[in-house]
Amino acid sequence: MIGAMISEAWHAMGANRLRTFLTMLGMVIGVGAVILMLAIGQGAQFQVDQSISSMGSNLFIILSGASTSGGVRSGSGAVPTLTISDAEALADLPGIAGVAPTLPGQAQIVYGPNNWSTSVLGATPQYFDVRDWKLVSGYPFTESDVRSATRVALVGQTVVKNLFDDEEPVGKTIRIRQSPYLVIGVLSAKGQSLDGRDQDDTVVIPVTTAQTKLFGSQFKGAVRFIMAQATSADAMPSAERSMNQLLRQRHHIQEGAENDFTVRNLTALANAAAETTRVMSLMLGAIASISLLVGGIGIMNIMLVSVTERTKEIGIRIAIGARQRDILMQFLLEAIFISLIGCLIGVATGVGGAILVNKVSGSVVVITLSSIVMAFMVAAGVGVFFGFYPANKAARLEPIEALRYE
Amino acid sequence: MSDGSVVRVAGLGKQYHTAAGPVPALANINLSIYPGEFVAVMGPSGSGKSTFMNILGCLDLPSDGSYFLNGTDVRSLTKDQLAQLRNRVIGFVFQGFNLLSRSTLLKNVGLPLVYAGMGKDERNKLAHGMLEKVGLGKYGDSLPNSISGGQQQRVAIARALINNPRLILADEPTGNLDSNTSREIMDIFSRLNREEGITIVLVTHEPDIAAYAKRLVRFMDGRLAHDGAVDIQEGRAE
Ligand SMILES: Nc1ncnc2c1ncn2[C@@H]1O[C@H](COP(=O)(O)OP(=O)(O)OP(=O)(O)O)[C@@H](O)[C@H]1O
Ligand SMILES: [Mg+2]
């Protein structure tokens, strides 16, 4: 019985190929758009999540310079007001697990015939703990390297790729602004940061070396920013308060006067970014779903026309013994078929489109089985929902009236 | 209630409801038809013959009075039960054949079996056998519009017979056919009535078609004007 009905539905679809195809097109576009948008949205979310987990947890960044309350930051980090001793004082606060003063800059690096312009970061050994950044080979520099400002360097994956080809970097000497530095370790891959920078395109050297030998600075011991890690997420608010208090004291800032530094809760910022992406990918999905809805309405429209056109046929079927549910099933099956086949093509189109987006723009796309399964279920649902009204209309025809229809 | 009749109508009436108000089509029809009878229904155009047949065929319901099919009042039945009667108890043959134009003859003949819940192989076997019975065994894969009107009507008869109904209702089955072809179709009905004892009720305008029947019912303005033996003289009077 059901076999006969499926083959009937199949033939009915084949009877008017162009129309069936156009009806399907609505579903194809709807499902394709949903799959593509979900892939892009989930890709963006995946990337943000990865950036967040690569950042380190419970992090603050303390920038030199003031920030206005409106979030418009002018020149913070430009005037070096923070020092290594600020960092050391912060490390003693309760609720602070680690503190890493850093001095970033840009420099040309040469190894053999290769040269590469990259960011050079002056840091302390704690930096690797705070950022939770492991080495793949070699060792990090030590407190004594910092104390004596030795010319040692740790290189990131992108730098390795661009300078060393297939060589092992540890033990080699690179030149940063003409001076020789010994590579003592290779950093593991971190990927993209939240603001889209390549975190692996970096060389890390002792902060003192950066201050005295590479960049030079007006103030002794000045750093551009300090990263601080709280012992736990719960400790973050109180840690933020006590850091502000301590730095105001150390910088002799009068009551009511503006800070000459800015404490930012990186973890909170990251969570906000993650939330934004989540909302964005949801919106993409919602917008795409509208096209699915439009596809469904297309099916209903065509099925209504089909029922009217085939009134006589329905009359004949009823006259020879089709029950209401037989007619209902026949037209419902047809609608479900159209939407499922449309969905199948739509999935292929969506996946193909996502791969194309990935190839052309390089942005990450994530296609999950669950989004495909969901698209299928929605398509079947759309078929049932929008097919039901026309099918029911067909099933309720009076035999004698349907037979008389020409 | 059962008196052994296949069809029994009592005080049967039918009005059609149109925009211009109710149109009476049948009024106070009383008659019984017993197993094995061959009844011709005649009457001028608009006299209510088709209305009567549609009610007998459970395609329409009476407005007044009652219709007992094999002793059961059809107004006590649900739509699904009526569908089942149309499927298994009654075989209906139309003037316009009413075949599905996009389906092969084999599928057309087997269609009632689909609604009876029969599997494909058995269905095709029975449908093929039935097509052979009406002399169209070779045409199973043809489409209705590739054969003649007489052949189409034979396919429609095969379809009406496929579920072994005991009652065949035919509303002007030869109305669209020439006299030679009409004779072939009537021979099939005669044989079914004679050899298989199937009860046949058949509407016609032609006296020589009515002559195949044993009993003549004549309608006039929605009323029963004659019910008795076939009288060719009377047929001519139309
Ligand atoms: N669907 C309908 N709506 C309104 N009136 C109808 C309808 N069907 C039939 N009638 C009317 O009912 C009456 C009987 O019609 P019916 O079709 O039963 O006649 P008939 O005897 O079969 O005629 P014919 O020989 O032309 O087929 C006629 O007056 C007709 O106009
Ligand atoms: Mg008629």
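We name chains A, B, ... by the order of the sequence lines, and we start the count at 1 in each one.
For a residue to count as touching a neighbouring chain, one of its non-hydrogen atoms must lie under 4.5 Å from one of that chain's; by this rule B/Asn98 touches chain A with backbone and side chain alike. Interface remark: A/Arg310 contributes side-chain atoms only to the contact with chain B (heavy atom separation under 4.5 Å). At a 4.5 Å heavy-atom cutoff, the contact between B/Tyr16 and chain A is made by side-chain atoms alone. Contacts of B/Arg159 with chain A are made by side-chain atoms alone, with heavy-atom separations under 4.5 Å and no backbone atom involved. Interface remark: B/Ile90 contributes no atoms to any contact with chain A (heavy atom separation under 4.5 Å). In this structure, no portion of B/Lys120 lies under 4.5 Å from any heavy atom of chain A. Residue contact with chain B, scored on non-hydrogen atoms closer than 4.5 Å, involves the side chain of A/Ile316 exclusively.
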Evaluate the criterion side chain to side chain contact (heavy atoms under 4.5 Å, CB included) for residue pair A/Arg325 and B/Asp80; output intermediate values, then yes/no.
CA-CA 9 Å; A/Arg325 61 167 169 274; B/Asp80 277 6; 3.0 Å; yes
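Taking all atoms of both residues into account, the shortest heavy-atom contact from A/Gly321 to B/Tyr115 is O-CB, 3.7 Å. Closest approach of A/Ala322 to B/Arg86, counting heavy atoms only: O-NH2, 4.2 Å.
Annotation: B/Asn30, atom CG; neighbour count of heavy atoms from other residues, nucleotides and ligands within 6.0 Å is above 12. Residue-environment remark: CZ (A/Phe376) exceeds the threshold of 12 foreign heavy atoms within 6.0 Å. Heavy atoms from other residues, nucleotides or ligands lying under 6.0 Å from CE of A/Met329 number 12 at most. Annotation for B/Arg75: atom CZ counts as buried by contact number, over 12 foreign heavy atoms lying within 6.0 Å. Heavy atoms from other residues, nucleotides or ligands lying under 6.0 Å from OH of B/Tyr139 number 12 at most.
Rounded to the nearest 0.5 angstrom, A/Glu401 CD and B/Asp60 CG are separated by 7.5 Å. For the atom pair A/Arg317 CZ and B/Leu100 CG, the distance stands at 5.0 Å (nearest 0.5 Å). For the atom pair B/Ser103 OG and A/Glu313 CD, the distance stands at 7.0 Å (nearest 0.5 Å). For the atom pair NZ of B/Lys79 and CD of A/Glu398, the computed distance is 4.0 Å after rounding to the nearest 0.5 Å.
Applying the side chain to side chain contact (heavy atoms under 4.5 Å, CB included) test between A/Ile400 and each of B/Thr51, B/Leu59, B/Ile55, B/Leu61 identifies B/Leu59 as the sole match.
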